[in-house]
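Written below as C-alpha cells is the structure these notes are about.
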Amino acid sequence: MGKTYHFLQLSSLEKVFVDDDISRMKETFGAYALKGERVSWQILYTADVTDSVFNSKAQVRVSADERLTVLLRQVGNVPVTMPTYPNQSDEFYLRKTPGVYPDILAPLEVMLVREGRCHSLFVTCEVPCDMEAGEYPITVTFTMDDAEVEKTFTLRVLNALLPPQKLTYTQWFHADSLASYYNLEIFSEEHWERIDQFLAGAARIGINMILTPVFTLALDTEVGKERPTLQLVDVFRKNGVYSFGFARLKRWIELCKKNGIERFEISHLFAQWGTGFTPKIEAETEQGREKIFGWHTPAADSGYREFLQAFLPELIGFLKAEGVYDNSVFHIFDEPNFEDEKHVKHYKEGFDMIRDLIPLEKVMDAVSHYELCEMGLVKNAVSITTSVDQFIEHGYTDVWAYTCCFPTDKGYSNRFIAMPSYRNRILGFQLYTYGINGFLNWGYNFYYSQLMRRKINPFIELSGDEGWPAGDTFSVYPGEQGPIESLRSEVFFEALQDIRVCQLLENYIGCDAVKDIIGKITFNEYPRSNEEVLAIRTRINEKLAEFI
C-alpha cells in the first residue's frame, strides 16, 4: 500500500515546524506581482506515518515561463535555546520554549519527504522588469517512487514597474566576523572575496547603506578586551605629525558600488554605551606599529582631539573625491542614554570634539531620548521603534527607526526567529505609515558571542551565548559559497517591496489615501495574522490596478 502524501502551498509568512499540525494551514494559489518584483511562497510536504522506516526521496522540477527566474530552497531548522528574554515577551510568539525552529533557506540538494514530520520548500520568483502584464502559472512537480504531485501558483503580473527603493536600510556589516568565521587573514585576497560576497548578499536583501570600519569597530566589545584589528585607513605618525592612507577604504567603496550600495556610515568615533573611551586605532610610528588609542585612552584626551583634527578633514576630503560624501553619515557613539549622567557627559565631550570638524547634519546616532535633540547634541536620531512617537510629536521630520535586541513585548513588531513572520512583514506598512526615511536592524553577520568573548558557529548558536533573542545577531548564515539567506531576511525584503508599492500608489491617490487603505496601525497595534497582513498588500494591489 502506497504512502499518503500531503503537499500544501503556503504564503511566505508561514513558519512550518517539524511537529506542526497541517490542519491549521491555509493554502494559497497565487498572488499579484509588479514588474521587477521578487515574490515568494512555500510548499509544505509531509507523509502519513506507516510501518516503513524509509523516507521518500522526491525529484523536483519547475515549469514556468522561461523569462521567470524561479529559485527553490529548503527551509532548514536551527536550534534555538533562547527564543526571547525571560519575562520580557508577550502572547504574540509562535513558541517561547527552546527547540528547533524553521529559519535557514538552504540550497536544495536532496529532498526527502518524511513520515509524520513537516518541512517546506521556499519558492522565489523574480519577475523581469519588461514582463508583459498577465497571468503566469508556475508549477512545481514532485515525483516519488509511488506518486507524483503537482502544485501550481499563479502570478498575476500588473502593468506597473516596481519603483526603486527610497528607504535607507542598514544592517551592521562585520568584516572581522567573516575573517574569524572563515579563518582568514584580515584583508587577505580571500578575505576581500568574502567581503565582496557578503556585500552582494546584503544588496540582494535590500541593504543600501554599509557600516564602514575606518577603524576597528568600537562596538559590542567587553571593556578592556579587544575585537580583531580591522581598520580601512592607514595611520602614520612621525615626529608628532599624522598622515593617512586611504587605499583600502577606496577598495571598500568600490566593492560597495559594484554591488549597488552607495551609502556609507562611518564607524563610531567613540566607544559604545558611553564608556568614555576611544576606538582601537593602530599607527605606524618611529617605533613600529603601535596601538595609539583604545581602552587606555579617555575619550576627552587632548591627544585624541589632535588626532581627529588631523584625520577628519582628510577623510572628508577623500569621501568628496570619491563622490560619496553626500551619501555618508558619521557616528559619535552608539545608544547614548539621557537618563545616565555619564552617557550625557561623554556624548557632550564627543560632540564638542567633532562639532567644528563635521557638519551637524552629517552626524547620526541611535538615540531614543528626544532630550538629546533638545540639548542640540543630535540633529539626526535613529530611534528605537518604541520611542519614534516622541520624536514625531516634537515635530521631528527626518525620522529614522531601529530594532536591536528590543522590542520583545507589548506586541511590537520585530524579526526574532520565534516571532510569527507577520511581525516582520508588517514593518513595511509601519515604516510607510510613519514616514520613516531610514531603518536599522542590528546584525547582518555578527558571528560572535555577546561582548565578543569568542567566535561562534552560527548554525548551532543562534543567540551568541544566549545574550540576545535568537535571530537578532545575524540575518544571513555563512555558507561555503557565500551568505545563505533566512526566512527573516526574505520576509523583510518583501516588506521593503511593500513600501515601494505604496509609494507608487501614492502617485495616483496621495499618501493619506494609501494610509486609509492600509488601515490604522502603529508599531505595536496592527493585524495579528499572516492573512490579515497579506490582505493589506492585496488591497494596495487592487487599488493600483484601477489606474494601470
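Within the cation-pi definition used here (under 6.0 Å to the ring centroid, within 45° of the axis), R156 qualifies as a partner of Y32.
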For E546 and K543, what are the C-alpha separation, side-chain angles and deciding distance, and is it a salt bridge (Lys or Arg N to Asp or Glu O under 4.0 Å)? CA-CA 5 Å; E546 295 179 13; K543 190 65 177 179; 3.3 Å; yes
One pair to check against salt bridge (Lys or Arg N to Asp or Glu O under 4.0 Å): R425 and D498. What are the steps and the verdict? CA-CA 9 Å; R425 180 73 179 262; D498 291 339; 2.6 Å; yes
May I have the step-by-step check of ring-ring contact (aromatic ring centres under 6.0 Å, His included) for F416 and Y93, ending in yes or no? CA-CA 9 Å; F416 303 135; Y93 279 74; 7.3 Å; no
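Using a distance-only test at 3.5 Å, with no hydrogens or angles considered, no donor-acceptor pair links the side chain of S387 to the main chain of S383. With hydrogens and angles disregarded, no donor-acceptor distance shorter than 3.5 Å links the side chain of K280 to the backbone of G294. A donor-acceptor distance shorter than 3.5 angstrom exists from the side chain of S463 to the backbone of W468, with no hydrogens or angles considered. Checked by atom type and distance alone, the side chain of D90 pairs as donor or acceptor with a backbone atom of G411 at under 3.5 Å.
Residues Y402 and E335 have side chains that bring a donor and an acceptor to within less than 3.5 angstrom of each other. With no hydrogens or angles considered, no side-chain donor-acceptor pair links R500 and Q497 at under 3.5 Å. No side-chain donor-acceptor contact under 3.5 Å links Q74 and H119. In the model, N441 has a side-chain atom that pairs as donor or acceptor with a side-chain atom of T403 under 3.5 Å. The closest side-chain donor-acceptor pair between E494 and S12 falls under 3.5 angstrom. If you check the side chains of Y347 and D365, you find a donor sitting under 3.5 Å from an acceptor. A donor atom on one side chain and an acceptor atom on the other are found under 3.5 Å apart for S40 and T124. Between the side chains of D465 and Q450, no donor-acceptor pair is found at a separation under 3.5 Å. S486 and Y477 share no side-chain donor-acceptor pair at under 3.5 Å. For the residue pair T170 and E265, a side-chain donor N or O sits within less than 3.5 Å of a side-chain acceptor on the partner.
Using cut-offs of 30° and 60° on the angle between ring planes, the pair F153 and W41 is parallel.
Here Q430 pairs with S413 under the side chain to side chain donor-acceptor pair (under 3.5 Å) rule; sequence neighbours left out.
Taking the six-membered ring for Trp and the full ring otherwise, the centers of F198 and F173 sit at least 6.0 Å from each other. For H268 and F333, the ring centers are positioned 6.0 Å apart or more. Under the 6.0 Å cut-off for aromatic ring centres, F523 and Y412 do not qualify, their centroids lying 6.0 Å or more apart.
Contact annotation: the side chain of F492 approaches that of L427 to within less than 4.5 Å [non-hydrogen atoms, C-beta and beyond]. Looking at R95 and Y101, their side chains come closer than 4.5 Å, going by heavy atoms from C-beta outward.
The only option from V329, N327, I261 that meets the side chain to side chain contact (heavy atoms under 4.5 Å, CB included) definition with M209 turns out to be V329. Just one of F446, Y447, Y448, Y444 meets the ring-ring contact (aromatic ring centres under 6.0 Å, His included) condition when paired with F474; it is Y447. Between S475 and the options Q171, E485, E490, a side chain to side chain donor-acceptor pair (under 3.5 Å) holds for only Q171.
The number of heavy-atom neighbours closer than 6.0 Å to CD of E341, taken from other residues, nucleotides and ligands shown, is 12 or below.
Nearest heavy-atom pair, M364 versus V382, reported as atom, atom and distance to 0.1 Å: CG-CG2, 3.5 Å.
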Could you tabulate the donor-acceptor pairs under 3.5 Å formed by side-chain atoms of residues 503-520, not counting sequence neighbours?
{"from": "E506", "atom 1": "OE1", "to": "Y432", "atom 2": "OH", "distance (Å)": "2.7"}
{"from": "K515", "atom 1": "NZ", "to": "T433", "atom 2": "O", "distance (Å)": "3.3"}

